[in-house]
Amino acid sequence: CPSRLLVGAPWDGNGQGDIYKCGMRLQNSSCAKANLGAAAPWLRSSAGRLGMTLVDSKDGGFVACAPLWSQECGTSVFSSGRCIQLNEELQLMGIIAPTAQREWGGMYWDVLGCATLVSPCPLPGCSTYMDIILVLDGSNSIYPWEEVQAFLGNILGRFFIGPGQTQVGVLQYGERLVQEWALGQHPTAQRLLEAAQNLTRQEGRETRTAMAIRHA
């Protein structure tokens with residue numbers, strides 16, 4: 001007979017989530033909140049719904065996940081989720097982060113006990129990488145072109161552009177394919193917006209979308 005029951009409370013604390021440990025053997029047993037926000041301060045920065053997933057681990061503890069945890073990077077928001085590894089006493093043993101997040105570095109934060117973390121702690125700041133290729137239809141069927149330029153400027157203005165951050169390339173197609181600019185060619189948001197304003201339509205009677213997507 002199990003001596004305890006673990007309960008995930010993903011809507012606890014305005015959506016940050018938490019874990020409760022409840023006794024099973026004694027009469028009138030109560031539940032104790034783990035208060036994981038104090039052990040892992042990053043949980044308080046986002047409504048990640050910690051406890052939506054609970055899984056036993058081989059060392060006798062368990063893993064709890066916050067699948068909706070997100071991070072703001074400039075004007076962009078990345079919803080990558082995070083999981084934490086806890087021992088039997090609900091003490092934080094490590095953080096499991098998606099390997100695709102490249103903001104991880106070798107610096108440790110004492111407040112998280114990073115010497116025991118599954119992944120290294122994040123460096124101060126926000127250095128999430130993302131490469132984006134935009135594929136634009138420049139054939140004769142697209143009119144007016146000024147609306148395409150406005151759309152491109154609106155999209156580019158929503159990303160945090162910079163060296164070591166988000167980089168954007170643009171392909172334009174009609175009957176033929178043209179690489180307007182490559183990744184990193186315009187390393188700042190201002191230069192990207194200027195390039196978008198000066199982008200001219202290639203034109204063409206055909207719209208070879210499949211060719212452009214395969215090339216991208």
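What you see is a predicted model, and the numbers here were worked out from it, not measured in a lab.
- Annotation: side-chain hydrogen bond (donor to acceptor under 3.5 Å, both in side chains) contacts involving residues 30-41, sequence neighbours excluded, comprise Asp12-Lys33.
- For Gln172, the side chain to side chain donor-acceptor pair (under 3.5 Å) test picks out Glu180, with sequence neighbours left out.
- For the side-chain contact (heavy atoms from CB on, under 4.5 Å) test, no residue two or more places apart in sequence or in another chain qualifies with Ala32.
- From Leu6, atom CG reaches atom CD of Glu88 across 10.0 Å, with rounding to the nearest 0.5 Å.
- At least one donor-acceptor pair under 3.5 Å links the side chain of Gln167 to the backbone N or O of Gly184.
- Residue-environment remark: CG (Asn198) exceeds the threshold of 12 foreign heavy atoms within 6.0 Å.
- No continuous path of ILVMFWY side-chain contacts below 4.5 Å connects Leu193 to Leu183, so the two sit in separate hydrophobic clusters.
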side-chain contact (heavy atoms from CB on, under 4.5 Å) evaluation trace for Val170 with Ile133
CA-CA 6 Å; Val170 170; Ile133 300 294; over 6 Å; no
List, one per line, each side-chain donor-acceptor pair under 3.5 Å for residues 207-215, sequence neighbours excluded.
residue : atom : partner : partner atom : Å
Thr207  : OG1  : Ser139  : OG           : 3.1
Arg208  : NH1  : Glu175  : O            : 3.3
Thr209  : OG1  : Tyr173  : OH           : 3.0

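- Every residue meeting the ring pair (Phe, Tyr, Trp, His ring centres under 6.0 Å) condition with Trp181, not counting sequence neighbours, appears here in chain and number order: His186.
- Among residues two or more places apart in sequence or in another chain, the side chain to side chain donor-acceptor pair (under 3.5 Å) test is passed with Gln91 by Asn87.
- Checked by atom type and distance alone, the side chain of Gln149 pairs as donor or acceptor with a backbone atom of Leu199 at under 3.5 Å.
- For Ala47, the side-chain contact (heavy atoms from CB on, under 4.5 Å) test picks out no residue, with sequence neighbours left out.
- Linking ILVMFWY residues whenever their side-chain heavy atoms come closer than 4.5 Å, directly or via other members, leaves Leu36 and Trp11 in distinct clusters.
- Counting only residues at least two apart or on different chains, the salt bridge (charged side-chain N to carboxylate O under 4.0 Å, His left out) pairs with a member in residues 186-202 are Arg201-Glu203.
- Residues satisfying the side chain to side chain donor-acceptor pair (under 3.5 Å) criterion with Asn154, sequence neighbours excluded, are absent altogether.
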